[in-house]
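This chain uses plain numbering: 1 for the first residue, then up along the sequence. Small disclaimer: the values here were computed from a predicted structure and weren't measured.
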Amino acid sequence: MNKTLTNMTHAVQRKAMGAMIDKVLKDLDKDREGEYLKLVDLAQQFYGSGFTDEQYDAARAAIKDPNNKWMKIINSVIDETDPGYAKKMALNLGYEAFLRGTKTIRANREKYNCNIPWLILFDPTDACNMHCVGCWSGTYGHKHNLSFEEMDKIVTEGKELGAYLYMMTGGEPLVRKKDILKLAEKHNDCFFALYTNSTLIDEELCKEVLRLGNITFMLSIEGTPDTNDARRGEGHYAGVMKAMDLLKKYGIIFGTSICYTRANIEAVTSDDFFKLLDEKGARFGFYFHYMPVGNNAAPELMPTVEQRAKMVHRIREVRGDKNIKFFPMDFQNDGEYVGGCIAGGRNYFHINATGDAEPCVFIHYSNTNIKDHSILEMLQSPLFMAYHNEQPFNKNHLRPCPMLENPAFLTRMVHETHAHGTNYESEESAEHLISKTVDYAKEWKPVADKLWAEEKHSKPAYENYAPQKRDI
């Protein structure tokens with residue numbers, strides 16, 4: 001099928017899907033359960049064997065269960081979200097990214113024999129209006145920025161491979177607010193999610209986001225006013241609360257980004273904290289283990305292995321609590337649900353503000369740059385192919401990372417692929433980086449292995465590993 005015909009078919013499908021979503025949203029008040037079941041039927045017709053019959057049946061059972069936590073969250077989102085915004089999110093995130101995009105990505109993984117990501121994370125800028133303790137951005141300076149044309153290239157080429165979800169970090173991405181809004185308007189079939197410190201979210205921005213309908217935010221917050229502001233600066237907590245209230249007022253879906261450290265882990269997992277997020281309208285959140293990356297890192301902020309073990313249980317406990325309409329996801333401890341490390345393009349990769357393609361936002365080494373390589377060339381570069389050929393780095397998905405839990409992998413991959421450091425202000429060698437994680441990895445191994453052995457684990461129907469790794 002030639003490209004013109006493919007684009008025409010896509011446009012027709014998108015229009016038909018939009019009409020179906022309109023009808024579903026309109027009829028939700030009449031028969032919410034029935035309309036949800038129609039969506040599952042539609043997904044099964046479109047996506048077919050991409051999921052198992054058991055997974056489709058599980059979705060139907062959840063819909064029919066009035067106490068199911070997922071359905072409580074979905075119903076809250078429907079009730080709280082602006083209808084126009086809800087439609088755009090369903091169309092871009094649901095149809096383009098989850099359904100059509102996933103099919104395209106899986107086909108391209110076989111076609112090109114390399115990792116093809118489901119989402120791409122990039123930094124519009126290194127600039128930030130804050131100076132948080134232990135953040136590597138503090139050593140990056142404020143002079144690096146991706147041009148609008150470079151950001152446009154990332155999204156244009158990513159879409160050709162099937163990626164319709166784009167996340168932005170930095171620095172503070174909203175320093176480049178004008179270009180981000182321009183990018184979201186040009187690529188109105190994609191969904192954009194910004195990791196932000198919240199301080200630049202105002203009424204004007206909310207109105208623009210509502211008009212576009214394809215931007216969401218993950219707000220950085222770390223517990224109580226004391227634990228949050230101790231790391232992020234006085235007054236930041238109050239700024240996050242204000243941003244949450246604005247986003248809820250305008251019916252814009254948002255989540256949280258929470259870095260858990262030795263100092264704040266109790267505060268960011270307390271009952272009161274989860275209840276606060278629920279009441280404020282945050283419906284999802286990403287938890288990130290503090291990574292001692294960069295020469296200005298603060299390794300003393302790394303959680304103890306005892307704290308991390310508690311974190312594994314606590315996040316699962318909250319996900320099972322039907323009274324809290326907030327769904328937390330743990331980037332480090334939820335490896336089982338995504339097959340281990342997702343970096344190197346397996347499910348995502350990172351492009352920094354100088355254009356370097358990094359396997360992960362925490363792994364600052366590269367072989368390629370967006371200025372002179374395509375997205376596909378980046379994914380086929382030596383360092384990314386090393387990730388593709390080595391993943392998973394551990395059969396125990398509570399030990400997924402080649403830097404934090406399996407540090408020997410990182411130094412070997414960096415040296416064998418001749419990757420260079422990408423912190424141009426204060427470059428850090430791979431040896432220096434893992435010197436901060438070797439002891440941690442040794443301490444975590446017996447704890448993680450015990451936790452892993454205590455649970456039953458099923459093999460997913462689809463695993464994105466290189467052929468030689470698919471039977472491990």
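A ring-centre distance under 6.0 Å is not found for F362 and H289. Ring pair F384/F349: centre-to-centre distance below 6.0 Å. Side-chain rings of F254 and F217 stay apart, their centers remaining 6.0 Å or farther from each other. When ring centroids are compared, F393 and Y387 come within the 6.0 Å threshold.
Judged by distance alone, the side chains of H373 and N367 never bring a donor and an acceptor atom under 3.5 Å apart. In this structure, a donor-acceptor pair under 3.5 Å is present between the side chains of Y164 and R100. With no hydrogens or angles considered, no side-chain donor-acceptor pair links N68 and D65 at under 3.5 Å. Using modelled atom types, one finds a donor on one side chain and an acceptor on the other under 3.5 Å when comparing S426 with N295. Residues E377 and T368 bring no donor and acceptor atom of their side chains to less than 3.5 Å of each other. Counted by atom type alone, E150 and N145 present zero donor-acceptor pairs between their side chains at under 3.5 Å. Between the side chains of N115 and R109, not a single donor N or O lies within less than 3.5 Å of an accepting N or O. Residues N394 and E405 bring no donor and acceptor atom of their side chains to less than 3.5 Å of each other. Y36 and N75 share a side-chain donor-acceptor pair at under 3.5 Å. For the residue pair N197/T199, the side-chain donor-acceptor check at 3.5 Å is satisfied.
Minimum interatomic distance between E431 and T411 (heavy atoms only, all atoms of both residues): N-CG2, 4.2 Å. Between P124 and M151, the shortest heavy-atom contact is CB-SD, 3.8 Å. The heavy-atom pair separating S198 from A243 by the smallest distance is CB-CB, 3.8 Å. In terms of heavy-atom proximity, S76 sits nearest to K325 at OG-CD, 2.9 Å. Across all non-hydrogen atoms, the minimal contact from P328 to V318 is CG-CG1, 3.9 Å. Counting all heavy atoms, side chain and backbone alike, G162 lies closest to I105 at O-CD1, 3.4 Å.
Distance alone, capped at 3.5 Å, is enough to place a donor-acceptor pair between the R316 side chain and the V312 backbone. Of the possible donor and acceptor atoms, none in the side chain of Q307 sits under 3.5 Å from a partner among the backbone N and O of P303. Proximity of a side-chain donor or acceptor of T256 to a complementary backbone N or O of M218 within less than 3.5 Å is not detected. In terms of modelled atom types and a separation under 3.5 Å, the side chain of R283 and the main chain of F326 share no donor-acceptor contact. N92 contributes a side-chain N or O that, together with a main-chain N or O of C190, makes up a donor-acceptor pair within less than 3.5 Å. A distance-only check finds a donor-acceptor pair linking the side chain of H457 to the backbone of E455 [under 3.5 Å]. Proximity of a side-chain donor or acceptor of D278 to a complementary backbone N or O of I324 within less than 3.5 Å is not detected. Put simply, the side chain of K72 gets close to the backbone of K322: a donor and an acceptor are under 3.5 Å apart. Not a single donor-acceptor pair under 3.5 Å links the side chain of K177 to the backbone N or O of L205. Here the side chain of Y365 pairs a donor or acceptor atom with the backbone of S429 at under 3.5 angstrom.
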(message) Checking S381 against L379 for the side chain to side chain contact (heavy atoms under 4.5 Å, CB included) test, could you report, in this order, the C-alpha distance in whole Å, the side-chain angles of both residues, the deciding distance, and whether it holds?
(response) CA-CA 6 Å; S381 69; L379 295 165; over 6 Å; no
(request) Might you work through the ring-ring contact (aromatic ring centres under 6.0 Å, His included) test for F327 and W70, ending with a clear yes or no? (result) CA-CA 8 Å; F327 195 85; W70 263 114; 4.5 Å; yes
(message) Between V293 and M403, is the side chain to side chain contact (heavy atoms under 4.5 Å, CB included) condition met? List the steps.
(response) CA-CA 10 Å; V293 177; M403 179 263 285; 3.8 Å; yes
(message) Working note: M71 + I63, criterion side chain to side chain contact (heavy atoms under 4.5 Å, CB included); need CA distance, chi angles, decisive distance, verdict.
(response) CA-CA 6 Å; M71 297 316 303; I63 289 169; 3.9 Å; yes
(message) Walk me through whether T269 and F273 qualify under side chain to side chain contact (heavy atoms under 4.5 Å, CB included).
(response) CA-CA 7 Å; T269 58; F273 184 64; over 6 Å; no
(request) Report the C-alpha separation of Q44 and R60 in whole Å, then their side-chain angles, then the decisive distance to 0.1 Å, and conclude whether the side-chain hydrogen bond (donor to acceptor under 3.5 Å, both in side chains) test is met. (result) CA-CA 11 Å; Q44 189 167 16; R60 293 184 180 99; 2.5 Å; yes
(request) Report the C-alpha distance between K450 and E454 in whole Å, list the side-chain angles of each, state the deciding distance to 0.1 Å, and finish with yes or no for salt bridge (charged side-chain N to carboxylate O under 4.0 Å, His left out). (result) CA-CA 6 Å; K450 181 176 183 294; E454 289 172 349; 2.6 Å; yes
(request) Apply ring-ring contact (aromatic ring centres under 6.0 Å, His included) to the pair F286 and F331, showing each step before the final yes or no. (result) CA-CA 7 Å; F286 293 96; F331 189 79; 8.2 Å; no
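Residues passing the side chain to side chain contact (heavy atoms under 4.5 Å, CB included) test with H420, sequence neighbours excluded: D356, S366, T422, Y424. Listed by chain and residue number, R314 satisfy the salt bridge (charged side-chain N to carboxylate O under 4.0 Å, His left out) test with E317 (two or more places apart in sequence, or in another chain). In this view, A448 and N396, L398, R399, W444 satisfy the side chain to side chain contact (heavy atoms under 4.5 Å, CB included) rule, not counting sequence neighbours.
Separation of atoms CE (M89) and CD1 (I215) is listed at 14.0 Å; rounding is to 0.5 Å. Going from atom NZ of K103 over to atom CG of L99 covers 9.0 Å, rounded to the nearest 0.5 Å. With values rounded to the nearest 0.5 angstrom, N352 atom CG is found 7.0 Å from D126 atom CG. With rounding to the nearest 0.5 angstrom, the CG atom of N423 is 8.0 Å from the CD atom of E427.
No option in Y348, F191, F98 other than F98 meets the ring-ring contact (aromatic ring centres under 6.0 Å, His included) test with W118.
In this structure, the side chains of D330 and Y260 come closer than 4.5 Å at one or more pairs of heavy atoms. Side chains of I375 and M378 form a contact here, defined as non-hydrogen atoms less than 4.5 Å apart. When side chains are defined from C-beta on, P173 does not count as touching D123, because their heavy atoms never get closer than 4.5 Å.
Ion pairing between a basic and an acidic side chain is recognised when a charged N comes within 4.0 Å of a carboxylate O; K248 and D245 show no such pairing. Between K275 and D271 there is no salt bridge, since none of the side-chain N atoms of the basic residue sits less than 4.0 Å from a carboxylate O of the acidic one. Here K436 pairs with E428 in a salt bridge; the nearest charged N to carboxylate O distance falls below 4.0 Å. Ion pairing between R412 and E390 holds under the 4.0 Å rule for side-chain N and carboxylate O. No salt bridge links E306 with K310; every basic N to acidic carboxylate O contact stays at or beyond 4.0 Å.
Taking the six-membered ring where the residue is Trp, W452 and H397 present perpendicular rings, their angle passing 60° and hence far from 30°.
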